[in-house]
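Have a look at the structure below before the remarks.
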Amino acid sequence: MADGIVNMNEFQVLARQALPKMYYEFYAGGAEDEHTLKKNVQEFQRIILLPRVLVDVSSIALSTNILGYTISAPIMIAPTAMHKLAHPEGELATARAAAACNTIMTLSFSASCSVEEVAASCDAVRFFQLYVYRRRDIAVNLVQRAEKSGYKAIVLTADTPRLGRREADIKNKLIVPQLKNLEGLMSTEVVSDKGSKLEAYANETMDPSLCWRDIAWLKSITNLPILIKGILTREDAIKAMEVGAAGIIVSNHGARQLDYTPATISVLEEVVQAVGRRVPVLLDGGVRRGTDVFKALALGAQAVLVGRPVIYGLAAKGEEGVRKVMQMLKDELELTMALAGCPSVKDISRSHVRTDRDRLQSML
Ligand SMILES: Cc1cc2nc3c(=O)[nH]c(=O)nc-3n(C[C@H](O)[C@H](O)[C@H](O)COP(=O)(O)O)c2cc1C
Ligand SMILES: CC(C)CC(=O)C(=O)O
């Protein structure tokens with residue numbers, strides 16, 4: 001099925017064909033007007049590449065290091081919920097693909113497979129994404145299980161005190177299957193019979209009082225490094241460093257939370273400047289091409305994460321589809337680096353891209 005596929009957009013078409021409408025729209029959709037959803041992709045397209053020629057590019061090195069772990073390319077797997085809605089093997093297939101590609105998978109708190117099942121099926125480096133519920137004992141339980149199962153970092157998602165308004169899910173009356181990590185801890189049944197059950201469930205469970213002070217609590221329950229996901233401003237990047245985050249993920253949750261937030265690529269540089277290399281800055285949102293990865297690296301990200309492309313690969317062709325998606329991005333990045341005159345990831349610099357701001361400044 002994935003033979004003859006030449007780019008990520010084609011995987012999206014396959015996924016649409018493979019999935020029931022309710023699930024496809026859950027995966028593909030964004031919040032409200034989906035303004036940010038479009039912007040996440042379009043703002044990458046506004047950045048221009050400035051290649052250097054006559055550089056020896058006979059060998060291209062893609063590998064990089066994240067929190068001390070070497071990965072084959074600066075492209076990681078973002079946490080996305082409920083992979084069994086895309087494929088019967090769910091996160092186990094995704095995890096095996098991550099291991100085969102030698103990259104880091106971030107397992108979603110809201111996965112359809114448990115932290116233990118995924119750990120048993122994948123010897124690659126894994127991070128665990130955490131939502132903090134009103135019932136804090138659930139976070140303690142999950143973090144401890146992740147630590148015991150060999151996950152290497154906690155990715156705290158900070159942009160979801162409530163669920164964003166996803167109109168397709170409301171229309172489709174999206175259902176929520178029992179979340180595997182919560183089995184025996186709490187039920188995911190909700191009473192709401194109108195609109196998105198996911199929204200009702202999330203709003204009942206998420207702790208909207210979670211705040212910067214709570215990072216101290218989180219640190220008290222784990223020895224793992226904590227990355228904060230959902231940072232979009234200089235101010236919050238500074239706060240994240242003050243509370244001791246080991247890394248920052250510039251993210252607007254794939255445009256599924258607050259609509260009209262900026263495209264992630266357009267705020268990356270501001271965050272990178274605020275952080276000043278003290279901790280790694282990662283980015284997700286709208287990465288669909290190797291050139292996008294290159295642009296994010298040129299603007300200071302240490303790596304990117306991809307969300308929907310992985311789900312589209314999974315829906316289209318299970319583990320093989322995810323592998324193909326990751327390989328496609330790697331191959332495109334490798335070619336971009338060769339054509340831009342960058343033999344290694346370290347050679348990708350700010351001077352290899354021109355942004356709208358650069359164009360404005362050159363006019364002053
Ligand atoms: C279907 C779907 C489910 C998601 N589930 C989660 C989740 O459980 N936890 C989380 O922190 N982010 C979640 N995200 C956000 C992703 O981690 C990531 O920020 C986003 O997908 C990146 O944008 P992209 O899809 O354009 O690559 C989800 C995104 C999608 C599309
Ligand atoms: C279960 C969730 C809250 C999943 C999520 O983060 C999302 O759908 O964007």
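Atoms within a ligand are numbered from 1 in the order they appear, just like the ligands themselves. Treat the numbers as computed from the prediction; the structure is a model and nothing was measured.
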- In terms of side-chain heavy atoms, does Arg52 have a donor or acceptor partner in Ser351 at a distance below 3.5 Å? yes

- Query: Looking only at side chains, do Thr94 and His83 share a donor and an acceptor under 3.5 Å apart?
  - Reply: yes

- Message: Heavy-atom pairs closer than 4.0 Å: do any link ligand 2 to the side chain of Leu198, the backbone, both, or neither?
- Response: side chain

- Considering Ala255, Ala86, Ala202, Gly285, which one's heavy-atom position lies nearest to atom 23 (O) of ligand 1? Gly285

- Note on the structure: Note: Leu163, heavy atoms under 4.0 Å from ligand 2, region reported as side chain

- Item | Candidates Glu320, Gln327, Glu319 - the one meeting side chain to side chain donor-acceptor pair (under 3.5 Å) with Arg323 | Glu319

- Donor-acceptor under 3.5 Å (Gln257 side chain, Arg162 main chain): yes

- Note on the structure: the protein heavy atom lying closest to atom 4 (C) of ligand 2 turns out to be Ala81 CB, 3.6 Å

- Please could you name the atoms of ligand 1 that Gly286 approaches to less than 4.0 Å, counting only its heavy atoms? 24 (P), 26 (O)

- Message: Give me the residue, atom name and distance of the protein heavy atom closest to atom 21 (O) of ligand 1.
- Response: Gly307 CA, 3.6 Å

- Taking the six-membered ring of Phe26 as reference, does the NZ or CZ atom of Arg256 fall below 6.0 Å from its centre and within a 45° cone about the axis? yes

- Message: Tell me whether Leu364 at atom CG has more than 12 heavy atoms from other residues, nucleotides or ligands lying less than 6.0 Å away.
- Response: yes

- When distances are taken from atom 7 (C) of ligand 1, the protein heavy atom at minimum range is Tyr131 OH, 3.4 Å

- Query: Based purely on interatomic distance, does His253 place a nitrogen or oxygen under 3.5 Å from a nitrogen or oxygen of ligand 2?
  - Reply: yes

- How are the rings of Phe109 and Phe128 set relative to one another: parallel (under 30°), tilted (30 to 60°) or perpendicular (over 60°)? tilted

- Any idea which atoms of ligand 1 are less than 4.0 Å away from a heavy-atom of Thr157? 10 (C), 11 (O)

- Taking atom CZ of Arg145 as the centre, does the number of heavy atoms from other residues, nucleotides or ligands within less than 6.0 Å exceed 12? yes

- Message: Return the closest protein heavy atom for atom 12 (N) of ligand 1 as residue, atom name and distance.
- Response: Lys229 NZ, 2.9 Å

- What are the atoms of ligand 1, with element, lying closer than 4.0 Å to any heavy atom of Arg288? 24 (P), 25 (O), 26 (O), 27 (O)

- Message: Residue-level breakdown please: for Gln129 versus ligand 1, do any non-hydrogen atoms fall below 4.0 Å on the side chain, on the backbone, on both, or on neither?
- Response: side chain

- Item | Option whose closest heavy atom lies nearest to atom 6 (O) of ligand 2, chosen from Phe109, Phe26, Tyr27, Tyr131 | Tyr131

- Part of Ala202 within contact of ligand 2 (heavy atoms, under 4.0 Å): neither

- Note on the structure: atom 19 (O) of ligand 1 sits nearest the protein heavy atom Asp284 OD2, 2.8 Å

- Query: In terms of side-chain heavy atoms, does Gln12 have a donor or acceptor partner in Tyr24 at a distance below 3.5 Å?
  - Reply: yes

- Contacting atoms of ligand 2, where contact means under 4.0 angstrom from a heavy atom of Ser110: 1 (C)

- Message: Just verifying a value: how many Å separate Ile47 CD1 and Ser266 OG, rounded to the nearest 0.5 Å?
- Response: 8.0 Å

- Determine whether Leu185 and Val115 fall in the same hydrophobic cluster, where Ile, Leu, Val, Met, Phe, Trp and Tyr are linked whenever their side-chain heavy atoms lie under 4.5 Å apart. yes

- Note on the structure: Ile311 heavy atoms within 4.0 Å reach ligand 1 at atoms 1 (C)

- Message: Under the criterion salt bridge (charged side-chain N to carboxylate O under 4.0 Å, His left out), I'd like the reasoning laid out for Glu189 against Lys197: C-alpha separation, chi angles, the key distance, then a yes or no.
- Response: CA-CA 9 Å; Glu189 282 289 309; Lys197 284 210 164 42; over 6 Å; no

- Which atoms from ligand 1 have a heavy atom of Ser251 less than 4.0 Å away? 19 (O)

- Query: With respect to Asn172, which candidate in Glu167, Glu25, Arg166 satisfies the side chain to side chain donor-acceptor pair (under 3.5 Å) definition?
  - Reply: Glu25

- Of all the heavy atoms in Gln257, does at least one lie under 4.0 Å from an atom in ligand 2? no

- Message: With nothing but distance in play, are any N or O atoms of Ser110 less than 3.5 Å from an N or O of ligand 1?
- Response: no

- Would you check if Lys229 and Thr106 make a side-chain contact, meaning some heavy-atom pair closer than 4.5 Å? no

- Could you tell me if any non-hydrogen atom of Tyr27 lies under 4.0 Å from any atom of ligand 1? yes

- Message: Geometry only, no angles: is Val287 polar-contacting ligand 1 at N/O separations under 3.5 Å?
- Response: no

- Any side-chain donor-acceptor pair under 3.5 Å between Lys330 and Ser72? yes

- Flag Arg256 as yes when one of its N or O atoms lies below 3.5 Å from any N or O atom of ligand 2, and as no otherwise. yes

- Message: With heavy-atom distances below 4.0 Å as the criterion, list the atoms of ligand 1 near Ser108.
- Response: 7 (C), 8 (O)

- Message: Taking 4.0 Å as the limit for heavy-atom contacts, which would you say applies to Arg166 with ligand 2: side chain only, backbone only, both, or neither?
- Response: side chain

- How long is the gap from CG on Leu67 to CD on Gln302, to the nearest 0.5 Å? 7.5 Å

- Task: Report yes if Ala81 has an N/O atom closer than 3.5 Å to an N/O atom of ligand 1; otherwise report no.
- Result: yes

- Nearest non-hydrogen contact to atom 14 (N) of ligand 1 from the set Gly30, Ala28, Pro79, Gly254 belongs to Pro79

